[in-house]
Amino acid sequence: MAIERYNAPEREPHWQKVWEQRQTFRTATDTSRPKCYVLEMFPYPSGRIHMGHVRNYTMGDVLARYKKAQGFNVLHPMGWDAFGMPAENAAMERKVHPKAWTYENIAAMKGQLKSMGLSLDWSREIATCDPSYYVHQQRMFLDMLREGLVYRRSAKVNWDPVDHTVLANEQVIDGRGWRSGALVEQRDLQQWAFRITHYTQDLLEALGTLEKWPEKVRLMQANWIGRSEGLMLRWTLDAATAPAGHSELEVFTTRPDTLFGASFMAIAPDHPLAKAAATKDPNLAAFCDECRRMGTSVAEIETAEKKGYDTGIKAVHPFDPNWTVPVYVANFILMDYGTGAIFGCPGHDQRDIEFAKKLGLPILPVVAPKDEPKRGQAIAKVHEGVAFLEDGVMINSRFLDGLTPAEAFDEVAKRLEAETLAGTPVAQRKINYRLRDWGISRQRYWGCPIPVVHCKDCGTVPVPHNQLPVTLPDDATFDLPGNPLDRHPTWKHVDCPKCGKAATRETDTMDTFVDSSWYFARFTAPDAKTPTDRAALDYWMPVDQYIGGIEHAILHLLYSRFFYRAMGETGHAGGKNIREPFAALFTQGMVVHETYRRAGVEPPQWLLPTEVAIEGDGDGRKATEIATGKPAIIGSIEKMSKSKKNLVDPDDIIQHWGADCARWFMLSDSPPERDVIWTEAGVSSAGRFMQRVWRLVDLAIEKAAAKDAPRPESIGSEALALRRATHKALDQVGRNIEALRFNVAVAQLYELSNALSEAFGKSGDGLGWAQREATELLVQMLGPMMPHLAEECWARLGYNTLIAEQPWPKAEPALLVDDTVVVAVQVNGKRRDELSVSRSATLAEVEAAAMGLPSIVRALEGRKPKKVIVVPQRIVNVVV
RNA sequence: GCGGACGUGGUGGAACCGGUAGACACACAGGACUUAAAAUCCUGAGAUGGCAACAUCGUGCGGGUUCGACUCCCGCCGUCCGCACCA
């Protein structure tokens with residue numbers, strides 16, 4: 001028969017249409033069935049999908065299809081994280097309205113995702129920029145406002161001078177805006193904020209319950225929350241030196257044990273005490289101003305020298321009324337951590353020692369190594385400027401001498417807790433966190449409007465529920481920097497909902513991370529009249545498997561954990577006592593590709609992979625720019641990016657090779673958590689495998705038993721071997737998909753294909769039937785990974801059902817174990833031979849057989865074995 | 001500086017709970033088919049030595065535990081990632 005090649009690009013749309021017409025992937029809430037919620041992080045509608053999306057969505061799709069075949073009621077939805085800066089930038093640059101731009105992008109990307117053949121329930125599609133979505137967000141915002149989980153504050157904020165907006169701490173990376181890359185400035189602004197710190201302790205502790213999250217992400221979040229245990233400690237100020245109204249100074253310390261090594265106090269430039277002192281000291285005022293201007297970038301912080309200004313104020317040591325230390329204003333003290341003030345113990349804090357050296361302050365070591373001989377050296381190093389940070393024993397510390405630092409910590413705490421100053425204890429144990437509340441005000445147009453009105457008389461007034469949503473005006477202008485909502489002629493002018501007098505709307509919009517903090521909940525009932533439908537939500541939540549990039553380890557994943565708790569508090573979630581939205585998280589690796597650039601040009605001029613021709617192999621590979629014929633340089637392998645032009649367009653691949661090919665390649669070889677290198681060779685290899693499956697089905701039609709042929713009475717050894725290979729693959733592939741070890745599942749399918757190919761060249765009792773079985777099961781197992789090809793093959797094998805609707809086949813347990821096993825035989829742990837024995841052979845039989853092997857006799861060289869270790873079905877080790 | 005991950009052939013990677021290291025794939029070499037190419041099929045291959053049988057070495061380096069270590073422990077080296085003046 002003439003063998004035709006499988007034309008994937010032509011056949012794939014057909015099967016997509018069939019699935020769509022049959023509504024194969026439409027999901028309904030059905031509490032009688034076990035559920036499985038598979039979710040991939042929804043995309044920002046930038047205009048085109050990239051290979052990272054292909055990888056992410058392929059992984060989720062394999063799992064979703066597999067779980068469906070396993071009998072689960074699977075929720076696998078898709079939507080759009082549709083608010084954000086790029087739409088506004090497009091509006092400024094190209095005079096397109098952000099809304100039009102966004103919806104055009106959504107349409108284009110939806111088409112691309114559909115061409116991937118994903119098993120998505122498109123009837124649940126949501127776009128966060130749609131009023132039907134954000135109306136609920138506004139409603140929840142107001143509910144949270146009522147509960148005190150949202151509040152307005154005047155705060156120092158991170159101001160991005162390029163995007164003209166405020167950024168959350170989480171969005172400042174190395175002192176730069178996460179999107180614009182501009183150096184962030186500090187500004188004082190009125191800000192809306194979510195009280196994420198209300199859940200600090202819970203967010204930290206619950207990380208321990210997230211067993212199916214990567215350890216790495218849990219650690220990153222724990223570090224971000226940044227718990228530290230210490231003491232709040234009040235120092236009395238010497239009245240003669242302190243400004244009026246300032247009689248004490250409170251500090252937070254994690255090392256109260258080092259109290260006798262204190263040589264100075266330091267306060268932040270914005271500390272009230274500093275401000276009070278500055279009113280009388282113009283030099284101090286100037287110093288504080290200088291500190292405030294200091295940049296926040298890494299480079300600046302690292303190179304910034306410790307600077308301090310002696311206020312002249314003296315603080316009295318808590319344990320000795322005659323001992324005072326000077327109070328400095330210092331540039332490295334942060335106002336928003338602890339109390340904005342510290343006591344400095346230079347001996348045991350690197351930062352303090354640098355400061356002390358710089359300003360010539362005393363350095364007194366109070367902890368020393370336990371071993372006497374090591375002490376001298378450690379103390380000498382302290383005087384050279386290296387703080388001693390290890391454990392040891394207390395010295396130079398009066399009643400603490402001889403204790404360990406931990407014991408000294410407790411002793412100091414105990415004594416100072418008992419002492420009082422103006423009626424309250426001098427010290428209190430305190431747990432401090434690094435996590436700050438989440439400022440969400442953004443001075444942008446393309447975001448969810450914050451539904452409040454500012455009234456001169458009534459203050460901040462929530463927009464009543466029946467007036468929601470507060471929608472964005474369509475006729476905004478984008479030709480000037482700044483907030484288009486603020487300069488809109490009419491939008492912000494409204495009557496106060498309370499008193500009816502003229503008032504103004506809040507013109508800030510919400511951080512887009514708010515939108516993505518609950519979309520997973522909305523997917524469970526996207527048409528509900530309320531933010532969530534509790535019955536549907538309680539059935540579907542939590543997400544059973546969430547898949548996305550590691551870049552969201554803190555931002556999105558921490559915000560969502562907070563938001564789900566806040567939704568619980570306001571009655572929008574919280575069934576089954578579930579506080580965590582994502583039961584399992586998987587962070588996939590990036591898609592990387594070689595870079596190409598023109599030779600001999602600086603700065604580099606990058607070339608697209610499609611613009612170069614590559615010849616040769618190995619180290620001799622040479623690239624040429626096709627258009628000019630000039631040599632090009634093959635550069636390092638990096639994350640696909642527009643700037644380096646090392647992009648491959650998913651559309652090109654799908655149109656040329658087919659979606660299944662792209663999917664298969666994404667799953668092959670690289671473990672999903674690691675980066676995958678996209679190569680031409682890899683794609684063509686995947687393409688070859690598709691054709692190979694196609695030919696195997698040809699061969700099955702030609703040689704194997706007919707569909708529904710009865711199981712033969714007699715199964716020969718060849719047939720049995722094939723059946724064993726088939727059922728083992730079935731067992732293993734299922735397990736590996738479940739564990740998201742797709743690369744291993746792929747390898748097992750290759751193995752089965754090899755076994756089947758071989759079997760077609762043989763003959764034997766029952767082999768035709770075994771070939772038929774193997775082919776059908778292979779096709780079924782390919783279903784989640786290459787769904788179109790699998791449907792095509794399934795049809796050719798004579799079925800008029802859909803693979804996508806077939807239950808996952810079950811392996812026959814009897815075929816998973818072999819009658820005979822091959823056992824390695826070692827002499828002194830070195831492999832010398834192997835032995836084929838019956839599974840049921842006794843230890844003695846195995847030992848005897850091993851000792852009888854000529855190679856073993858030879859290796860023993862006549863020596864008497866001291867011991868023979870036999871591990872059933874594994875190994876024999878002869879020890880001489 | 002703090003925290004974490006990783007290190008296996010020419011390449012991507014596999015190896016369950018400590019039990020035959022290198023599955024599977026890519027690249028490569030040789031062969032078959034073909035006028036030729038493509039496609040396909042077959043064969044080979046960790047390194048070194050040897051015609052071969054075989055021997056020795058081999059999972060970043062150095063030690064240790066064990067009959068037996070890619071796997072466990074200790075100490076290094078290297079690469080990557082996250083956080084970072086957090087008191």
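So that the names make sense, note that chain A is the first sequence line, chain B the second, and so on, each numbered from 1.
- Heavy atoms of A/R832 sit under 4.0 angstrom from primed sugar atoms or phosphate atoms, though from no base atom.
- Within the shown strands, B/G46 is the pairing partner of B/C57 under the Watson-Crick or G-U definition, both distances less than 3.5 Å.
- Using a 4.0 Å cut-off, some side-chain N or O of A/N743 falls inside it from OP1 or OP2 of B/A14.
- Between A/L435 atom CG and B/A84 atom P there is a gap of 13 Å when expressed in whole angstrom units.
- Remark: A/R674 is in phosphate contact with B/G13, judged by side-chain N or O atoms under 4.0 Å from OP1 or OP2.
- In this structure, A/N828 contributes its side chain and A/V880 its backbone to a donor-acceptor pair below 3.5 Å.
- Base contact: A/E834 has a heavy atom under 4.0 Å from a base atom.
- Picking from B/C54, B/C81, B/C41 the nucleotide with the shortest atom distance to the side chain of A/K216 gives B/C81.
- Atoms CZ (A/R741) and P (B/G13) sit 14 Å apart, rounded to a whole Å.
- Considering only heavy atoms from C-beta on, A/L210 comes within 4.5 Å of A/R561 through its side chain.
- Side-chain contact between A/K381 and A/F388 is absent, with no heavy atoms from C-beta onward closer than 4.5 Å.
- Using modelled atom types, one finds a donor on one side chain and an acceptor on the other under 3.5 Å when comparing A/D437 with A/T197.
- You'll find the side chain of A/P326 reaches within 4.5 Å of the side chain of A/L361, heavy atoms only.
- Distances from the side chain of A/M220 to the nucleotides B/G82, B/C67, B/U20 place B/G82 closest.
- If you take atom C1' in B/C73 and the same atom in B/A29, they sit 44 Å apart, rounded to whole Å.
- Look at A/R688 and you'll find a side-chain N or O under 4.0 angstrom from OP1 or OP2 of B/C26.
- Distance check on atom P: B/G62 versus B/A69 gives 15 Å, rounded to whole Å.
- Taking the O4'-C1'-N9-C4 or O4'-C1'-N1-C2 dihedral as appropriate, B/C17 has a value within 90° of 0 and is therefore syn.
- Of the C1' atoms belonging to B/A37 and B/G46, the separation is 34 Å, rounded to the nearest Å.
- Residue A/S757 is out of contact with every strand shown, counting any heavy-atom pair closer than 4.0 Å.
- A/Y337 has a side-chain polar atom (N or O) that falls below the 4.0 Å cut-off from OP1 or OP2 of B/A87.
- Atom CZ in A/R234 sits roughly 22 Å away from atom P in B/A87 (whole-Å rounding).
- B/C61 and B/G78 are spaced 10 Å apart, taking the C1' atom of each and rounding to whole Å.
- A donor-acceptor pair under 3.5 Å links the side-chain atoms of A/R663 to the main chain of A/P784, judged by distance alone.
- When the side-chain nitrogen and oxygen atoms of A/S685 are compared with OP1 and OP2 of B/C26, one or more of them lie within a distance under 4.0 Å.
- Searching all strands for a Watson-Crick or G-U wobble partner of B/C72 with both distances below 3.5 Å returns B/G64.
- At B/G3, none of the side-chain N or O atoms of A/R218 fall inside 4.0 Å of OP1 or OP2 (strictly under the cut-off).
- Residues A/D669 and A/V822 both approach RNA chain B. Their nearest nucleotides, taken by heavy-atom distance, put A/D669 toward the 5′ side.
- B/A45 and B/C54 have their P atoms separated by 13 Å, given to the nearest Å.
- Across all strands shown, A/K866 has no heavy atoms under 4.0 Å from either base or sugar-phosphate atoms.
- Taking atom P on both nucleotides, B/A38 is separated from B/G30 by 13 Å, rounded to a whole Å.
- Using Watson-Crick or G-U wobble geometry with both donor-acceptor distances under 3.5 Å, B/C86 finds no partner in any strand shown.
- Between the CD1 atom of A/I225 and the C1' atom of B/C83 there is a distance of 14 Å, rounded to whole Å.
- In this structure B/G75 sits in the anti conformation; its chi angle is more than 90° from 0.
- The partner of B/A52 cannot be assigned: no Watson-Crick or G-U wobble pair with both contacts below 3.5 Å exists in any strand.
- One atom, NZ of A/K430, and another, C1' of B/A87, lie 13 Å apart when rounded to the nearest Å.
- Distances from the side chain of A/N877 to the nucleotides B/A25, B/C86, B/C67 place B/C67 closest.
- Atom name C1', nucleotides B/G9 and B/C70: the rounded distance is 14 Å, in whole Å.
- The base of B/C85 sits with one of its N or O atoms less than 3.5 Å from a complementary donor or acceptor on the side chain of A/K306.
- The side chain of A/N331 lies closest to B/C85, out of B/C85, B/U20, B/G3.
- In this structure, A/S670 reaches the sugar-phosphate backbone alone: every heavy-atom distance under 4.0 Å involves primed, P, OP1 or OP2 atoms, never a base.
- Between A/R351 and B/A84 there is no side-chain polar atom (N or O) within less than 4.0 angstrom of OP1 or OP2.
- When the nearest nucleotides of RNA chain B are assigned to A/V871 and A/D352 by heavy-atom distance, the more 5′-ward of the two goes with A/V871.
- As the counterpart of B/G10, B/C26 is assigned, both hydrogen-bonding distances of the Watson-Crick or G-U wobble pattern falling under 3.5 Å.
- Of the candidate nucleotides B/C26, B/G12, B/C16, B/C26 has the atom nearest to the side chain of A/A681.
- In this structure, A/L334 reaches the bases: a heavy-atom distance under 4.0 Å links it to at least one base atom across the strands shown.
- Separation of atoms CD1 (A/I225) and OG1 (A/T200) is listed at 7.0 Å; rounding is to 0.5 Å.
- In this structure, of B/A84, B/C41, B/A87, it is B/A84 that holds the atom nearest to the side chain of A/W224.
- When the nucleotides B/C16, B/C24, B/C86 are ranked by their closest atom to the side chain of A/A747, B/C24 comes out on top.
- Here the nucleotide nearest the side chain of A/R5, chosen from B/A21, B/A39, B/A87, is B/A39.
- Nucleotide B/C80 holds its C1' atom 16 Å from the CD atom of A/E551, rounded to whole Å.
- The listed nucleotides are B/C67, B/G3, B/U40; the one nearest the side chain of A/R695 is B/U40.
- Rounded to whole Å, the distance from CD1 on A/I875 to P on B/A15 is 18 Å.
- With a cut-off of 3.5 Å on both pairing distances, the Watson-Crick or G-U wobble partner of B/U40 is B/A32.
- Inter-residue side-chain proximity for A/R692 and A/N754 is flagged as met; some heavy-atom pair is nearer than 4.5 Å.
- B/G3 sits 30 Å from B/G12 when the P atoms are compared, rounded to a whole Å.
- An OP1 or OP2 oxygen of B/C26 is reached within less than 4.0 angstrom by no side-chain nitrogen or oxygen of A/T679.
- Base engagement by A/I333 is indicated by at least one non-hydrogen atom pair under 4.0 Å involving a base atom.
- Remark: P of B/U11 and CD1 of A/I634 are 17 Å apart, rounded to the nearest angstrom.
- Put simply, A/N736 has no side-chain N or O that comes within less than 4.0 Å of OP1 or OP2 on B/A14.
- Side-chain contact between A/Y328 and A/F355 is present, with at least one heavy-atom pair separated by less than 4.5 Å.
- Nearest nucleotide to the A/K867 side chain, out of B/A55, B/C67, B/A25: B/C67.
- Counting any heavy atom pair closer than 4.0 Å across all strands shown, A/N754 reaches sugar-phosphate atoms only and no base atom.
- Using modelled atom types, one side-chain atom of A/Q691 and one backbone atom of A/Y6 make a donor-acceptor pair closer than 3.5 Å.
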